[in-house]
Amino acid sequence: MKRAFLQLHPKDNILPALYDLKKGFLIQTKSHSFEIFEDIPAKHKFALLDFEIGDEIIMYGALVGKAIKNISQGARITIENCVHASANYTVGSEQYSWQAPDISKWKSKTFNGYHRSDGSVGTANYWLVIPMVFCENRNVEVMRTALQESLGYLTTQDFVVDTGVLVEKYTHGATKEELLMQSIIKTPEEIKQNRTFTNVDGIKFLTHDGGCGGFRLDSDTLCNLLAGYITNPNVAGATILSLGCQNAETKTLEAAIQKRDANFTKPLHILEQQKSSSEREFIEEAVKLSFLGLIEANKIERKPAALKHLTLGLECGGSDGFSGISANPALGYASDLLVALGGTAILSEFPELNGVEQELINRCESKENKEKFSHLMSTYAARAVALGSSFKNNPSPGNIKDGLITDAMKSAGAARKGGTSLITDVLDYTEKSTSKGLNLLCTPGNDVESTTGLAGSGCNVICFTTGLGTPTGNPVAPVIKISSNNILSERMKDIIDFNTGTIITGEDTIESKGEELLEYIIDVASGKKTTAAVRLGQEDFIPWKRGMSL
């Protein structure tokens, strides 16, 4: 018989509906038996007992809200009768014991990656073209036009129209009928075969609106972020375009690179336009140096690497009421498997950890990390309040429509992406991950700002769970899009890579889907599978600005 609801924790006093429940539907648990008070849409929650004004609402065993109206048993939990509430947290000396999952079937497993001189291994091999300041964006676009198509890099998902074939046939005297019969469509496979540099997966152009005119700290942060991308294992080298007078100085970038990799050896070409005799000469030199860099990048080939070299970004966006029940815990289990294998996972989006801080503090291995996480969370929350907002404003209209009523409710489900393992490090935005195991990274809840930060801290693959659907991708780290429900997986199959909706329908368990997901991650890391975001050319890059504009 199909399950109608779940009780995710013994302390929970609200339950999620797994499909649309009609008024009068009989609910039976070990301790309760009652009829649904009103129609409950799938993904939404209903009261397990009667609530009075001020009563605490618990889900995932955590405080996620408080009743602002009397709520009858079996009634729907809504923004009209519930407001955000979260538990306080303190830094204590609690010791957390973790039971690692069985990893016997993966112990000798490898992926095929690109080995770098610093010991890291990439899941892709990209060349970057980066402006130090927004003034150089146009020149970057000129370089994109000059390099991308001529070297055989495809940006559309299904095909490219090669009008040049018609031009060639026409100049050689082809008739109208012959032109109409001529095929001018090329598939991604055909384009890839014609690439000049077969071992280079692409050239990525990271345009942005920063680097000058704003808060100086934001320019320094941008330099640190760009250094994170240049030293990311998926990057072979880079061409940097500088105007010359901007806040984001090239010397700051170079120092940030050295901090991350003291023995940095990747090809890096830095050009300053204000030292050039003309824009034409500036662009010509940049294109030539990039071409020479691509020659070097093409010498690297995929070779086997242990799974410990994977650094997995854990992200969610367009979440729904099923995300914390299917996609997030399945990803959390895959994360635990990878950590047990000696790899690294990074959990981001600090506004979406509001309400579960105590659990995460308790899981930190060191007191230093407990204190750092507590400090980052409290500082972030205070900054939001100072700007006239707060974490309670985090759920989007789409989140609320699909059952995520409060930020704490959203957070309690989002945190499940991090599995159950010990937390070995806590990172502020742009800090490089250097500790194996589960790391916490301070980023916003904004999907693109967060995925941008994950790649900047060293992720060579990112898993992105979603219940509503989003095309978000990243320029250098392949983004695996994971649906929380079967309907989304079918409706938006052009952007979804992996479906966990079968957990909701009872055909799979969190563990079985987590194991299947790890295998999928390995295939993506090896270049055997191409994610939808990569295929669609979805290369979102938005640096996080924490300052003001001056």
Side-chain angles (χ1 to χ4, degrees), residues 8-9 58-65 84-92 94 96 312-319 323-325 327-329 331-332 335-336 339 345-365 369-385 389-396 399 404-429 431 433 437-447 449-451 453-454 457 459 462-466 544 546:
L8 298 166
H9 190 280
I58 308 296
M59 188 176 176
Y60 302 104
L63 174 63
V64 298
H84 167 84
S86 59
N88 295 323
Y89 55 92
T90 59
V91 174
E94 294 85 354
Y96 178 77
L312 179 66
L314 309 173
E315 176 73 18
C316 62
S319 301
S323 292
I325 302 172
N328 289 344
L331 176 54
S335 168
D336 283 346
V339 167
I346 305 181
L347 178 63
S348 58
E349 300 178 295
F350 273 26
E352 297 183 9
L353 300 179
N354 179 220
V356 293
E357 293 97 337
Q358 192 64 62
E359 175 197 338
L360 296 174
I361 288 171
N362 294 345
R363 286 169 58 186
C364 288
E365 272 191 322
N369 281 325
K370 293 176 191 283
E371 292 175 343
K372 185 175 182 180
F373 175 62
S374 176
H375 173 72
L376 287 171
M377 284 296 292
S378 61
T379 302
Y380 198 155
R383 179 64 172 161
V385 171
S389 187
S390 72
F391 284 167
K392 70 180 181 182
N393 300 128
N394 178 266
S396 69
N399 295 150
L404 296 176
I405 305 303
T406 71
D407 184 54
M409 185 183 295
K410 182 180 180 182
S411 296
R416 301 187 81 189
K417 301 190 304 291
T420 61
S421 63
L422 284 162
I423 295 167
T424 58
D425 207 356
V426 175
L427 310 171
D428 199 357
Y429 183 65
E431 286 187 322
S433 171
L438 179 63
N439 293 197
L440 302 181
L441 172 65
C442 184
T443 74
N446 177 288
D447 298 347
E449 287 178 325
S450 184
T451 52
L454 284 166
S457 288
C459 290
I462 296 172
C463 280
F464 190 122
T465 65
T466 182
W544 183 23
R546 290 197 263 191

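The structure places CZ of Phe373 at 7.0 Å from CD1 of Ile423, a figure rounded to the nearest 0.5 Å. Rounding to the nearest 0.5 Å gives a distance of 9.0 Å between CG of Asn88 and CD of Glu357. For the atom pair Tyr96 OH and Ile361 CD1, the distance stands at 14.5 Å (nearest 0.5 Å). Between Leu422 atom CG and Cys364 atom SG the span is 9.0 Å, to the nearest 0.5 Å. To the nearest 0.5 angstrom, Leu353 atom CG is 11.5 Å from Lys410 atom NZ. One finds the CG atom of Leu427 at 5.0 Å from the CG atom of Asn439 (value rounded to the nearest 0.5 Å).
With no hydrogens or angles considered, no side-chain donor-acceptor pair links Glu365 and Asn369 at under 3.5 Å. A side-chain donor-acceptor contact under 3.5 Å links Asn328 and Thr465.
Ion pairing between Glu349 and Lys417 holds under the 4.0 Å rule for side-chain N and carboxylate O. The residues Glu449 and Arg546 are annotated as not salt-bridged, no charged nitrogen and carboxylate oxygen being separated by less than 4.0 angstrom.
Under the rule for a side chain to side chain donor-acceptor pair (under 3.5 Å), Thr451 has no partner lying at least two apart in sequence or in another chain. For Glu315, the salt bridge (charged side-chain N to carboxylate O under 4.0 Å, His left out) criterion is met by no residue, not counting sequence neighbours. Applying the side chain to side chain contact (heavy atoms under 4.5 Å, CB included) test to Ser421 and every residue at least two apart in sequence or in another chain returns Trp98, Asp336, Val339, Arg363, Leu438. A search for ring pair (Phe, Tyr, Trp, His ring centres under 6.0 Å) contacts involving Phe464 returns nothing, not counting sequence neighbours. Residues satisfying the ring pair (Phe, Tyr, Trp, His ring centres under 6.0 Å) criterion with Tyr380, sequence neighbours excluded, are Phe391, Trp544. Remark: Asp447 engages no residue in a salt bridge (charged side-chain N to carboxylate O under 4.0 Å, His left out) (not counting sequence neighbours).
A donor-acceptor pair under 3.5 Å links the side-chain atoms of Gln358 to the main chain of Thr90, judged by distance alone. Using modelled atom types, one side-chain atom of Ser411 and one backbone atom of Asp407 make a donor-acceptor pair closer than 3.5 Å. Using a distance-only test at 3.5 Å, with no hydrogens or angles considered, a donor-acceptor pair links the side chain of Glu431 to the main chain of Asp428. Judged by distance alone, with hydrogens and angles left aside, the side-chain atoms of Thr443 form no donor-acceptor pair with the main-chain N or O of Ser348 at under 3.5 Å. With hydrogens and angles disregarded, a donor-acceptor distance shorter than 3.5 Å links the side chain of Thr379 to the backbone of His375.
Here the closest heavy-atom approach between residue Ala62 and residue Gly355 is recorded as CB-O, 4.4 Å. Leu8 and Tyr60 make their closest contact through CD1-CE2, 3.4 Å (heavy atoms, listed as atom of the first residue, atom of the second, distance). Scanning both residues, Val64 and Met59, for their nearest heavy atoms gives CG1-O, 3.9 Å. Taking all atoms of both residues into account, the shortest heavy-atom contact from Leu376 to Cys442 is CD1-CB, 4.2 Å. Taking each heavy atom of Phe350 and Leu441 in turn, the nearest pair found is CE1-O, 3.2 Å. Contact between Ser86 and Asn354 at its shortest, heavy atoms only, is OG-ND2, 3.6 Å.
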Check your understanding: Stepwise, does the side-chain contact (heavy atoms from CB on, under 4.5 Å) test hold for Thr466 with Ser319?
Key -> CA-CA 5 Å; Thr466 182; Ser319 301; over 6 Å; no

Review point. Given Tyr89 and Ser378, is the side-chain contact (heavy atoms from CB on, under 4.5 Å) satisfied, shown in steps?
Key: CA-CA 10 Å; Tyr89 55 92; Ser378 61; 3.8 Å; yes

Practice item. Could you walk me through whether Ser433 and Asp425 pass side chain to side chain donor-acceptor pair (under 3.5 Å), step by step? Key: CA-CA 8 Å; Ser433 171; Asp425 207 356; over 6 Å; no

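Within 6.0 Å of the NE2 atom in His9, the count of heavy atoms belonging to other residues, nucleotides or ligands exceeds 12.
When each of Leu314, Leu312, Ile346 is paired with Cys459, the side-chain contact (heavy atoms from CB on, under 4.5 Å) condition holds for Ile346 and for no other.
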